[in-house]
Asks: 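Below you'll find the structure I mean.
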Amino acid sequence: MTYRTLPRLIAALATGATLGWAMPTLAHGVVLGYEPVNSVEIQAHYDTGEPMAEAQVVVYAPDDPTEPWMQSTTDADGLFTFTPDTSQPGNWEVMIRQAGHGGIVTVPVAAANGEAVASNDSGADDNGTAVVQRQPDTTSSENLSSVQQGIAIGAVIWGFIGTALFFVRGKR
């Protein structure tokens with residue numbers, strides 16, 4: 001390697017790194033949420049807003065978290081609705097997956113007789129109907145602190161430089 005090619009290499013790496021920051025990333029996380037209604041409606045979409053259409057759904061009851069209670073798929077809008085069995089109060093887990101992306105949302109359900117669930121904020125309404133508490137949507141990966149962003153950018157630059165130097169060194 002000559003000293004004349006090193007500045008060109010560094011300039012090419014700097015240009016590539018700068019363009020890489022301006023380009024949107026192709027990876028995405030998953031956002032799951034649900035609404036308390038007579039049944040539980042779960043909205044599944046990527047953090048880009050695209051719905052998880054036809055994603056695999058597995059529901060686990062609180063009394064047997066290893067055996068699926070129900071298996072289904074989301075609709076074209078990423079929605080899935082089910083009615084939990086109020087004779088099985090507790091935290092129901094709903095797992096949604098599609099193409100390597102997915103998550104689990106926990107839905108606390110109270111017994112029809114008003115029996116409390118392990119969660120402190122669950123219960124039944126005045127009529128003794130099972131109440132499902134709304135939980136906030138999961139956060140996306142775009143909420144990185146400036147320190148985390150700096151570390152990620154530094155790691156990418158370090159990777160570019162290391163890769164370039166590896167190929168420039170030539171065969172020995």
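Atom set for the values below is all heavy atoms of this structure, side chains included, hydrogens, waters and symmetry mates excluded. This one's a predicted model, so the numbers in the text were calculated from it and none came from an experiment.
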Asks: Between N91 and P62, is any pair of side-chain heavy atoms under 4.5 Å apart?
Replies: no
Asks: Is there any side-chain hydrogen bond (donor to acceptor under 3.5 Å, both in side chains) pair reaching into residues 65-78, and which pairs are they, with sequence neighbours excluded?
Replies: D64-T66
Asks: Between CD1 of I96 and CZ of F80, what distance do you get to the nearest 0.5 Å?
Replies: 7.5 Å
Asks: Linking directly or through intermediates, with side-chain heavy atoms under 4.5 Å: list the remaining ILVMFWY members grouped with V147, chain and number order.
Replies: I151
Asks: Going through the distances and angles, do T81 and I42 end up as a side chain to side chain contact (heavy atoms under 4.5 Å, CB included)?
Replies: CA-CA 6 Å; T81 305; I42 298 175; over 6 Å; no
Asks: Going from CD on Q148 to CD1 on I153, what distance comes out if it is rounded to the nearest 0.5 angstrom?
Replies: 12.0 Å
Asks: Treating Ile, Leu, Val, Met, Phe, Trp and Tyr as nodes and any side-chain heavy-atom pair under 4.5 angstrom as an edge, say whether L79 and V40 lie in one connected cluster.
Replies: no
Asks: Please name the pair of heavy atoms, one in P51 and one in G78, separated by the smallest distance, quoted to 0.1 Å.
Replies: CB-N, 3.8 Å
Asks: Can you give me the closest heavy-atom contact between E54 and A76, atom names plus distance?
Replies: OE2-N, 4.0 Å
Asks: Do F82 and V94 have side chains that approach each other closer than 4.5 Å (heavy atoms only, starting at C-beta)?
Replies: yes
Asks: Which atoms form the tightest heavy-atom contact between A110 and P89, and what is the distance?
Replies: C-CB, 4.0 Å
Asks: Considering residues at least two apart in sequence or located in another chain, which fulfil the side chain to side chain donor-acceptor pair (under 3.5 Å) criterion with E93?
Replies: none
Asks: For residues V57 and M70: do they belong to one hydrophobic cluster (side chain heavy atoms under 4.5 Å, members Ile, Leu, Val, Met, Phe, Trp, Tyr)?
Replies: yes
Asks: Check V58, V59, V105 against M95 for a side chain to side chain contact (heavy atoms under 4.5 Å, CB included) and give me the one that passes.
Replies: V58
Asks: With sequence neighbours excluded, tell me which residues meet side chain to side chain donor-acceptor pair (under 3.5 Å) with D85.
Replies: S87, Q88
Asks: Looking only at non-hydrogen atoms, find the nearest pair between M52 and H101 and report the distance.
Replies: CE-O, 4.0 Å
